[in-house]
Amino acid sequence: PADVIHAMGQVAVGIGFLCGGVIVRDGTDVHGLNTAATLWCIGAIGSLVGARYAAVATIATFALILINSLLHLVEHRISGLRLPGPRGNDD
């Protein structure tokens with residue numbers, strides 16, 4: 001178990017380093033925070049699978065999808081933007 005915990009810690013550090021490259025600052029605007037957080041969660045879910053916690057990983061996957069979907073809706077309601085069309089653009 002100590003080796004598994006050590007490996008999971010190294011995955012967290014490595015994914016965190018990669019996530020830092022996703023975050024971009026443009027003046028006072030910051031982009032990529034949600035993407036970075038999602039990538040880090042995916043790394044954690046992968047570690048759970050590797051540690052043979054498939055049931056917990058499945059629950060975490062559905063929770064991640066639900067939370068990202070809900071926050072997407074909240075973001076667009078707050079900003080007053082309409083949701084993208086089915087092709088991913090605003091048509």
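Computation of the quantities below employed the complete heavy-atom set of this structure, encompassing side-chain atoms and omitting hydrogens, waters and symmetry-equivalent molecules.
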Novice: Using the side chain to side chain donor-acceptor pair (under 3.5 Å) criterion, which residues pair with T38? Sequence neighbours excluded.
Specialist: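 Counting only residues at least two positions away or on another chain, T38 forms a side chain to side chain donor-acceptor pair (under 3.5 Å) with N68.
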
Novice: Cut-off 3.5 Å, no hydrogens considered: what does the side-chain donor-acceptor table look like for residues 12-36, sequence neighbours left out?
Specialist:
unit_1, atom_1, unit_2, atom_2, d
R25, NH1, G27, O, 3.2

Novice: Compare all side-chain heavy atoms of L64 with those of I42 and state whether any distance is below 4.5 angstrom.
Specialist: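 Touching, per the 4.5 Å side-chain cut-off.
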
Novice: Enter the distance from I59:CD1 to Y53:OH here, rounded to the nearest 0.5 Å.
Specialist: 13.5 Å

Novice: Looking only at heavy atoms, what is the nearest atom pair of A57 and L48, with distance?
Specialist: CB-CB, 3.9 Å

